[in-house]
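Keep in mind it's a predicted model, so treat the numbers as computed, not measured.
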Amino acid sequence: MTAHVPPLVLPPRLIRAATVLPPKDRQRLDDTLNRLHATNGRLWLAEDRVRGGLSEAEIADCKREIDQLNAERNNLAERVDEVLAALAGPPRADAVLHTETLSSVLDRLSVLTLRIWRSEEAAPFDAAVAQRVPLLHAQHAALSEALDVLAADVAAGARLLPTPARFKLYGGGTATNEAISPSRHLHRVIAFGGLSESGKSTGADYIRRLVGAQRFKIGYLLRQAAHHHGLADPYRLSPRRQAELLLEDPNRFAEAHVGTGLFTIESVHDDESMAELKIMLGERLQVVYLSAPFDVRVARSGSTPHAVAAKDAVKIQRGADKVEAMADHVIDNSGSVIDLRARLRRIAETPRLTVPLQIADLSALALPTAVAAATTAFADDMRSIGEPVRLAALTGSPSTGPWIAGWSDVDLFVIAEHEGTEPVSAALKKYEAALEGLATVGLTLATPDELTARRLTPRLAFVLHQLQDGQPVLHASAGLELPVISRRDLVMAGAQDLPQVILTMRRLRAGATPTCLRPLYRHLVLAVRLLLREQGVWVSGPDEILAAAAQLPGLPTLTVPALVAVVDEWLTRSSEGALQSVCTAVDHLLAWYAAQVSAA
């Protein structure tokens, strides 16, 4: 039905008679009549559709829908009569029995209202229909008057009404009102299937917390669609119609929240409707089937074997066990939670990025000669190890600059298979020896599978984002794939990292001595950078970051010497002046942060 469908207008005396009803009953009457009128509109559309050029299966679905809408129509009519029964006055001795109830007349008035509407729409194109329009309006006026008289007679006790119960029998099948197609904003859907206590809800909730997926229950989706269409038993639909019905709420949500990249639905108990949904969504839908031995599922349930077996029997009857054969991913969930989460992360992650990595020109990084030579030798060692080492890169100031002797560290990031750990460790020791104490070396070593499963620290997420933005590397194997790290991912990672940064900064400030200048300054810069990202401000370089702190609402100006001045005092061991300035800035930031947390 379209927005301009005319409302059901009650005759004046019936409206006045209804004013004696309690407010709750008046509201119930209004709601029920509106639903009755809407159901009649859907019936009209369904009957029009069944007369169109449909396939046999589509005609069967339409007929199921018509049956169910008729059943709902009669249920609503009975509710109307239950409310209006309170209008009847004490019966007079000469009272006569009327042939139909008040709701029957209201139902006919609703249908006549719809007939007038449709006729007026068609009248400009059909002269015969145009001639009927005045007659239909006359019928409507006469029926309204007859209903008014009937309502007055019932209230006066002059007319008795028959028993409202209709005892109608209709088929139980239902269907949606119209074919549903996936929204263009419904990008990815993960459907979880499996028997009782296999971990479906746990898996869906983990995906929700992991990447902010929107989570839906299949039962909820079917009930919502049934309520929207005035249907009572959506489980009697054909598999195709059930699949269309499942799409309605996700479609609406996707249209309203276009930034939502991933949806989950659970629990899949019907292989046929899920197969139809797979046809509709294609690769956008990934079906995940979780399995576990019966004894494991019983232990998880905290229930008896008999109770779990009974639930399994119901699910198997619906086809839940057959979902495994058509699933895109079958996961044995009898192992550890770490294993389950790693597998789910691989499925939930957006497609990985094959990065065209660029090999760094160390001569362009302005590293001291000894550091550059040692780093070149380390890169050669990484290449010589072969397949286990997939990537080696400098991170932090050695790659982004400026690298300052005596102040900057050498931070390395290596992606290697677990069996490559020992040769990487040997190369690292050789590298540290070649540096001869010029700098402290820090190594972050991750396996490819850990990255695929997104087992990432905030620091590692930042490094991966730099690589995907084109930061040069020391060595990379061909076809290396890295997880895509968006700015939103960095903001979320920073939000997780910020509390630890603040705690560490507060600890350093509490015991501030000249030796604390370097770590205290670094944590100040890091905290400000993370806070700026939450505000959508992206800057790099310590001096630029601290200058941009003025964009944090309400934060006093952080007056800190330029990095070169701080480093000079640090290297000459005369850091009292710089330390005082950094401590004051830290005090301002910590006080501001405490106020923000308190306000929240």
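For the pair T557 (side chain) and T559 (backbone), a donor-acceptor distance under 3.5 Å is absent. A donor-acceptor pair under 3.5 Å links the side-chain atoms of R188 to the main chain of A348, judged by distance alone. Judged by distance alone, with hydrogens and angles left aside, the side-chain atoms of K200 form a donor-acceptor pair with the main-chain N or O of L195 at under 3.5 Å. Using modelled atom types, one side-chain atom of H257 and one backbone atom of F253 make a donor-acceptor pair closer than 3.5 Å. Side-chain N or O atoms of S598 include none that pairs as donor or acceptor with a backbone N or O of A594 at under 3.5 Å. Using a distance-only test at 3.5 Å, with no hydrogens or angles considered, no donor-acceptor pair links the side chain of Q471 to the main chain of A393. Put simply, the side chain of K278 gets close to the backbone of L285: a donor and an acceptor are under 3.5 Å apart.
For the residue pair N333 and S198, no side-chain donor N or O sits within less than 3.5 Å of a side-chain acceptor on the partner. Residues S486 and D489 have side chains that bring a donor and an acceptor to within less than 3.5 angstrom of each other. No donor-acceptor contact under 3.5 angstrom links the side chains of Q214 and T264, judged on distance only. A donor-acceptor contact closer than 3.5 angstrom links the side chains of T395 and R459. T515 and T513 share a side-chain donor-acceptor pair at under 3.5 Å. For the 3.5 Å distance criterion, the side chains of D449 and T447 fail to qualify, holding no donor opposite an acceptor. Counting only N and O atoms by type, the side chains of T202 and D205 include no donor and acceptor under 3.5 Å apart. Checking Y431 against T375 by side-chain atom types alone, a donor-acceptor pair falls below 3.5 Å. A side-chain N or O of S201 and one of K217 form a donor-acceptor pair less than 3.5 Å apart.
A cation-pi arrangement, defined by a distance under 6.0 Å to the six-membered ring centre and an angle within 45 degrees of its axis, is present between R529 and F462.
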Which donor-acceptor pairs under 3.5 Å do side chains of residues 536-554 form with protein atoms, sequence neighbours excluded?
from, atom 1, to, atom 2, distance (Å)
D543, OD1, L563, N, 2.9

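Take S183 and apply the side chain to side chain contact (heavy atoms under 4.5 Å, CB included) test, not counting sequence neighbours, and it matches H185, L186, N251, A254, E255.
Summarising the geometry of P561 relative to V566, their closest heavy-atom pair is O-CG2, 3.7 Å, with the distance given to 0.1 Å. Heavy-atom minimum distance, S181 versus L247: C-CD1, 4.3 Å.
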Q: Could you give me the CA-CA distance, side-chain angles and deciding distance for T444 and D411, then say whether side chain to side chain contact (heavy atoms under 4.5 Å, CB included) is met?
A: CA-CA 8 Å; T444 298; D411 295 315; over 6 Å; no
**Message:** Go through it in stages, so that I can follow the logic: the residues are S273 and D270, the test is side-chain hydrogen bond (donor to acceptor under 3.5 Å, both in side chains), and I'd like the CA-CA distance, side-chain angles, deciding distance and then a yes or no.
**Reply:** CA-CA 6 Å; S273 63; D270 177 5; 3.1 Å; yes
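Side-chain contact between Q468 and L482 is absent, with no heavy atoms from C-beta onward closer than 4.5 Å. The shortest distance between side-chain heavy atoms of Y521 and V586 does not fall below 4.5 Å.
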